[in-house]
Protein chains: 2
Amino acid sequence: MELTERKKKVLRSVVDLYIRTAEPVGSKAITALPDMKYSSATIRNEMADLTTMGYLEQPHTSAGRIPSAAGYRLYVDELMAEYRLSIDETRSINTAIEEKMQKVDKLVEKVARMVSQATDLPAISMASRAANATVKRFELILAGSGSFILVVMLSNDEVVNKLIKLPLTVTDEDLKLLSALLNATMTELPLEEFTAGLMDRVMRSAGKASSLVPVIVEFTTDTLRHSGSANMVVTGQSRLLGLPEYRDVDKAQKVLSGLDEDALSNLPAVMQNTNGTKVLVGPENVSAELKDTSVVMTKFDIGDGMQGMIGVVGPTRMDYAKVTARLSYFAESLSKMFGKPETPQLPEPVAEEETPKEA
Amino acid sequence: MELTERKKKVLRSVVDLYIRTAEPVGSKAITALPDMKYSSATIRNEMADLTTMGYLEQPHTSAGRIPSAAGYRLYVDELMAEYRLSIDETRSINTAIEEKMQKVDKLVEKVARMVSQATDLPAISMASRAANATVKRFELILAGSGSFILVVMLSNDEVVNKLIKLPLTVTDEDLKLLSALLNATMTELPLEEFTAGLMDRVMRSAGKASSLVPVIVEFTTDTLRHSGSANMVVTGQSRLLGLPEYRDVDKAQKVLSGLDEDALSNLPAVMQNTNGTKVLVGPENVSAELKDTSVVMTKFDIGDGMQGMIGVVGPTRMDYAKVTARLSYFAESLSKMFGKPETPQLPEPVAEEETPKEA
DNA sequence: TTTAGCACTCCATATCCTTGAGTGCTAAGC
DNA sequence: GCTTAGCACTCAAGGATATGGAGTGCTAAA
């Protein structure tokens, strides 16, 4: 059967209405739309066709139609009108970002909160470090007799540290020597080369401080191993319960448990080869628990070779146009903010942080 | 009216039963209990008394009784039988801790997940840094021309760092000088002394690197300001929905939104002067959203002057005995693990807290 | 002081009915 | 040919009514 222009128009109307009302859409409701010049009977025929073509579904004989997954897919890909953010919306997103981004180290969490608030849906936010990092530099800082701080700088400019306490006394001198040794032997190495053999060699050269080596090596390999893994936050789950489709507690629980589990761990894989915004409709989704929901995700650039992803989870009938618009705008603003450190037009040192407010 | 032993026994039975069934408890159900030697009429009289005394409530005339907040309070404080953890339970908690604790920096999150799983309720986990910290030491590490890493060591042995990129070239020499200056002038100072005047003086002495000072100072004050603030994670919200009292979506939403908001920010204050485990029943609770739920919280020691708190949120009829037992055991195990400096394979003398030992 | 008995209350559940929105189909109109 | 008015039919949602049963309070007897 041919998917005529009129059929598309009807389909779009059905989806639009269903997104607004969450109720099955009848032929009469379509007729009432401003630029629908046909009678309800004609619409009924078109809707019957769309149903046999698989774009619409009927909960029961005497109900209106609701879009099927395929219907949403078509809608998202071709039919939906682009949503233009109002100036108000862009402004409120911008000020939100400015206000909240004082402390960058909570980036992931903050972004999740903001996105959740902006869309009134649960939001996912994650940042993944660049994979396959190597160590660029070790620093050992004395912190008192018997304890020191290990600082490991990675090739992706990430820095991790750890306070290590040992039952032996170390001097500043010991640490200087040891860090020189570490920097000479264990930098620029991929994870695979951190073998027992390497550790042995280093320990043998380390002399007095050799007992520190295992702790350091363990922490380092651990860091390298987990570099590249994602750091994910989900917030705003309770917003789901405000939606009519989740008045059914069982449904709600299924979805929520799909959200706070590590069930989302393959999201990064799904987004691997995508640029920009991706919409996963219902069954296309990452996990079984989410098969009755949709996920809209988009990437952004955090700089330093790191990537961020933000997304929201909602019912399949969510307002894709609005959500994708807001999400993209978020991603764009964040990319602008973090992606390019090389745009210092302020004499003010531009770190990842902003505006010293001390007068 | 006198609260006789028999009344207490009845009250305990009512609470026990209600915890199990989530249904109002009638006089007959009490009679059916193994060591109840009285008839239902007698029990009825006792229950009527307990109702007028405010320990029980009646949803409607012809229903059984449910405990009031005061009833739960009494139950928790005096009546409940101590729950003894089985060997299985202690073992599974221990292995969970061992497995998951590889990476300490995700402590808070991991703990929340484990506790939530162990109790089948939403869990809260937080770690608060010691308040009123001062800076013990600054370190500046070159990370490439135009960028360096600022490491700030606090008096509570916490270490924070930040990668700073600047549009000017800094040499290793510059950084050495600057860090000496910082360590000479800005360590051991409480937050209040970080004034504009101080910054001016430092900048004037800093010479070539003076433009770095504002960024450093800002980051430092920010760190000090947020030191003492808590780092909180809530997980397992969806577990609530499995409970009969939250089949009502509106109730569920209220509670959930009370959980993922910052509504919990005054929990630390509530726990301030408590040691061990605290039970907040219903209206005693931290926020209005949680007034129909109970919170069980307990502290543990992370070492380095930092404190952790774990807790769960559940319906007022939750199994207090079981929950508090598991929570305490968790807290104890974690204290053992972190409370003392990290001494590889040295058995340590630990914790003087009371020990629910395995049977 | 305890208990058996009884009348009473009120919720929960099931059943039945009505209502109305929506459909598919047919036949007439353009 | 396409479109539309009309009609019979279906089915879920909501309201009203009846019924069963769990539980109570009270009284009087043991």
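Order of the sequence lines sets the chain letters (A, B, ...), proteins ahead of strands, with each chain counted from 1. Any value given below was found using the heavy atoms of this structure, including those in side chains, with hydrogens, waters and symmetry copies removed. None of these values were measured; they are calculated from a predicted model.
Checking B:Tyr38 against B:His60, the closest nucleotide of DNA chain C that is more toward the 5' end is the one next to B:Tyr38. Looking at which nucleotide of DNA chain D each of B:Asn45 and A:Ser62 is closest to, the 5′-most match is held by A:Ser62.
A 4.5 Å side-chain heavy-atom check between A:Arg65 and A:Pro24 finds every atom pair outside the cut-off. Side-chain contact between A:Leu241 and B:Leu256: present, with at least one pair of heavy atoms (C-beta onward) separated by less than 4.5 Å. Side-chain contact between B:Val313 and B:Leu259 is present, with heavy atoms from C-beta onward closer than 4.5 Å.
For the pair A:Glu2 CD and D:dC2 P, the interatomic distance rounds to 13 Å; values are reported in whole Å. At whole-Å resolution of the value, CG in B:Asp49 and P in C:dT2 are 12 Å apart. One can place CD of A:Gln58 at 8 Å from C1' of C:dG22, the figure rounded to the nearest angstrom. For the pair A:Leu56 CG and C:dG24 P, the computed distance is 11 Å after rounding to whole Å. Nucleotide D:dA12 holds its P atom 14 Å from the CD1 atom of A:Ile66, rounded to whole Å. In this structure, CD1 of A:Ile43 is placed 9 Å from P of D:dT4, rounded to the nearest angstrom.
If you check distances only, the side chain of B:Thr61 never reaches the base of C:dT9 with a donor-acceptor pair under 3.5 Å. A donor N or O paired with an acceptor N or O is found under 3.5 Å between the base of C:dG5 and the side-chain atoms of B:Arg44.
Among the heavy atoms of the strands lying under 4.0 Å from B:Ala63 are primed sugar atoms or P, OP1, OP2 only; no base atom is included.
Taken residue by residue, residues 6-37 of chain B places heavy atoms nearer than 4.0 Å to DNA chain D at B:Gly26, B:Ser27.
Side chains of A:Thr324 and A:Thr277: a donor-acceptor N/O pair is absent below 3.5 angstrom, by distance only. Between the side chains of B:Tyr83 and B:Asp319, not a single donor N or O lies within less than 3.5 Å of an accepting N or O.
A cation-pi arrangement is found for B:Arg6 relative to B:Tyr38, the charged atom lying closer than 6.0 Å to the ring centre and inside a 45° cone about the ring normal.
For A:Met47, the listed nucleotide lying nearest its side chain is C:dT23; candidates were D:dT4, C:dA4, C:dT23. If you check D:dG25, C:dT2, C:dG24 against the side chain of B:Ala48, the one that comes closest is D:dG25. Minimum atom distance to the side chain of B:Thr42 is reached by C:dT2, of the listed C:dC11, C:dT2, D:dT3. When the nucleotides C:dT23, D:dA5, C:dT3 are ranked by their closest atom to the side chain of A:Arg65, C:dT23 comes out on top.
Between the side chain of A:Gln253 and the backbone N or O of A:Asp250, no donor-acceptor pair lies under 3.5 Å. Between the side chain of A:Thr119 and the backbone N or O of A:Val323 there is no donor-acceptor pair closer than 3.5 Å.
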Practice problem: Go through A:Lys7 and A:Glu2 one step at a time and tell me if the salt bridge (charged side-chain N to carboxylate O under 4.0 Å, His left out) criterion holds. | Solution: CA-CA 9 Å; A:Lys7 281 192 173 52; A:Glu2 183 80 35; over 6 Å; no
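Of all the heavy atoms in B:Ala22 and B:Glu245, the pair that sits closest is CB-OE2, 4.3 Å.
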Are any protein N/O atoms closer than 3.5 Å to N/O atoms in nucleotides 28-30 of chain C? If there are, list each pair with its distance.
none

